[in-house]
Amino acid sequence: MIWSFVFTFLLVLIMRKWSDFTKEWKELLHNKKKLFGISLATLVISLNWLIFIWAVNSNHVVQASLGYYINPLISILLGIIVLKEAFTFRQTISFILAGIGVLYLTISYGVFPWVSLLLAISFGLYGLLKKKVDIGPMIGLTIETMLILPFAIIYLAIYPDNAFQLHEFFSSTNLLLMGAGVMTAIPLLLFASGAKRISLAMVGFLQYIAPTLMLLLGVFIYKEAFTSAHLIAFAFIWIALVNFMLTSYRRPLRKKHV
């Protein structure tokens, strides 16, 4: 959290966006609804980070990965229910197919995926809030990390053994911590930018790319097992994804020729 703030804050300075940052912050102080929206976004993304880190360190990696497959379905449902986004018949079929794949994978493991659901719901709500709150991606993420910064500092004060070690500034652990901040902030910046340009349903389906890349890394780099349950579930999900993408691109093309 701290290094994500440092990175985004430096970006604001380097790209000469300081005046935009101060202007947006002053506006937030006078617009309670907008301030509540970005504060809520900060809360849910922090909850998402916390659950993910806990899951990985508590041997719940499978449930964590499943959460990233459930997450797009949550985004699609939020797009339909909250934003009233239109859905064609073929896109509905895609949603059902993806749901079957996720449900099959869940049943195969025989455990109620509460970690997965919390991860999916928290990030799905974050995407919805980023679409509703009208703040630029860079300024918005800088403000979000600034809002959570005091809590991160308090945590490090309570648990100093887990803190950044100043006397070993360029140690491998310190560099990894700094790098983690950067690698956390960049995807969120791109996500916030993309979420404002396309429908929430499209955002949801595009999010299947990340866990699929994780799967490829797990199987081919880290030599993890790929079961028949994974194969069946992934087949449903990718058929759904291809069908959804085809219908999404055909509709604009038809309008162009009319």
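It should be emphasised that the depicted structure is a prediction, and the values quoted were computed from it without experimental measurement. Just the heavy atoms: all of them, side chains too, but no hydrogens, waters or symmetry mates, feed the values below.
Contact check for Asn71 versus Leu119: no side-chain heavy atoms found under the 4.5 Å cut-off. Here the side chains of Trp54 and Val115 are in contact, with some heavy-atom distance below 4.5 Å. A 4.5 Å side-chain heavy-atom check between Trp49 and Thr184 finds at least one atom pair inside the cut-off. Contact check for Glu144 versus Tyr126: side-chain heavy atoms found under the 4.5 Å cut-off. Contact of the Phe123 side chain with the Ile74 side chain is not registered, since no non-hydrogen atoms from C-beta on lie closer than 4.5 Å.
Scanning all heavy atoms of the two residues, the minimum distance from Ile38 to Gly140 falls at CD1-O, 3.7 Å. The minimum heavy-atom distance between Ala98 and Ala240, with the atom names listed, is N-CB, 3.7 Å. Between Val12 and Ile139 the shortest heavy-atom distance is CG2-CD1, 4.3 Å. Annotation for Ala233 and Gly101: closest pair CB-O, 3.2 Å, computed over non-hydrogen atoms. Among all heavy-atom pairs drawn from Gly124 and Leu78, the shortest one is O-CD1, 3.4 Å. In terms of heavy atoms, Ser94 sits closest to Asn243 at OG-ND2, 2.6 Å.
Ile153 meets the side chain to side chain contact (heavy atoms under 4.5 Å, CB included) test with Ile2, Leu149; sequence neighbours excluded. Judged as a side chain to side chain donor-acceptor pair (under 3.5 Å), and not counting sequence neighbours, the contacts of Ser122 are Asn48. Every residue two or more places apart in sequence or in another chain that forms a side chain to side chain contact (heavy atoms under 4.5 Å, CB included) with Thr22 is listed here: Trp18. A search for side chain to side chain donor-acceptor pair (under 3.5 Å) contacts involving Thr92 returns nothing, not counting sequence neighbours. For Arg197, the side chain to side chain donor-acceptor pair (under 3.5 Å) partners two or more places apart in sequence, or in a different chain, are Ser193.
In this structure, the separation between CG on Asp20 and CE on Met15 is 10.5 Å, given to the nearest 0.5 Å. Atom CD1 of Ile154 sits about 6.5 Å away from atom CZ of Phe151, to the nearest 0.5 Å. To the nearest 0.5 angstrom, Leu176 atom CG is 13.0 Å from Trp3 atom CH2. Note that CE of Met183 is 11.0 Å distant from CG of Leu188, once rounded to the nearest 0.5 Å. Leu11 contributes atom CG, which lies 7.0 Å from atom OG1 of Thr142 (distance to the nearest 0.5 angstrom). Atom CG of Leu141 sits about 7.0 Å away from atom OG of Ser4, to the nearest 0.5 Å.
Grouping Ile, Leu, Val, Met, Phe, Trp and Tyr by side-chain contacts under 4.5 Å, direct or through others, puts Ile239 with Phe89, Ile93, Ile96, Leu97, Ile100, Tyr104, Ile232, Phe236.
The aromatic rings of Phe9 and Phe21 sit perpendicular to each other, their planes meeting at more than 60°, with 30° as the lower class boundary.
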TODO: Quick one: do Phe7 and Met178 satisfy side chain to side chain contact (heavy atoms under 4.5 Å, CB included)? Show the steps, please.
DONE: CA-CA 9 Å; Phe7 174 69; Met178 288 187 279; over 6 Å; no

- [ ] Output, in order, the C-alpha distance, side-chain angles, deciding distance and verdict of side chain to side chain contact (heavy atoms under 4.5 Å, CB included) for Leu28 and Ile135.
- [x] CA-CA 10 Å; Leu28 283 172; Ile135 300 179; 3.9 Å; yes

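Side chain of Lys34 to main chain of Asp134: a donor-acceptor pair is present (N/O by atom type, distance under 3.5 Å, no hydrogens or angles). Distance alone, capped at 3.5 Å, places no donor-acceptor pair between the Lys131 side chain and the Leu83 backbone.
Taking hydrophobic clusters as Ile, Leu, Val, Met, Phe, Trp and Tyr residues chained together by side-chain heavy-atom distances below 4.5 Å, Val182 shares a cluster with Phe5.
The pair Lys17-Glu24 does not meet the salt-bridge criterion, since no charged nitrogen lies less than 4.0 angstrom from a carboxylate oxygen.
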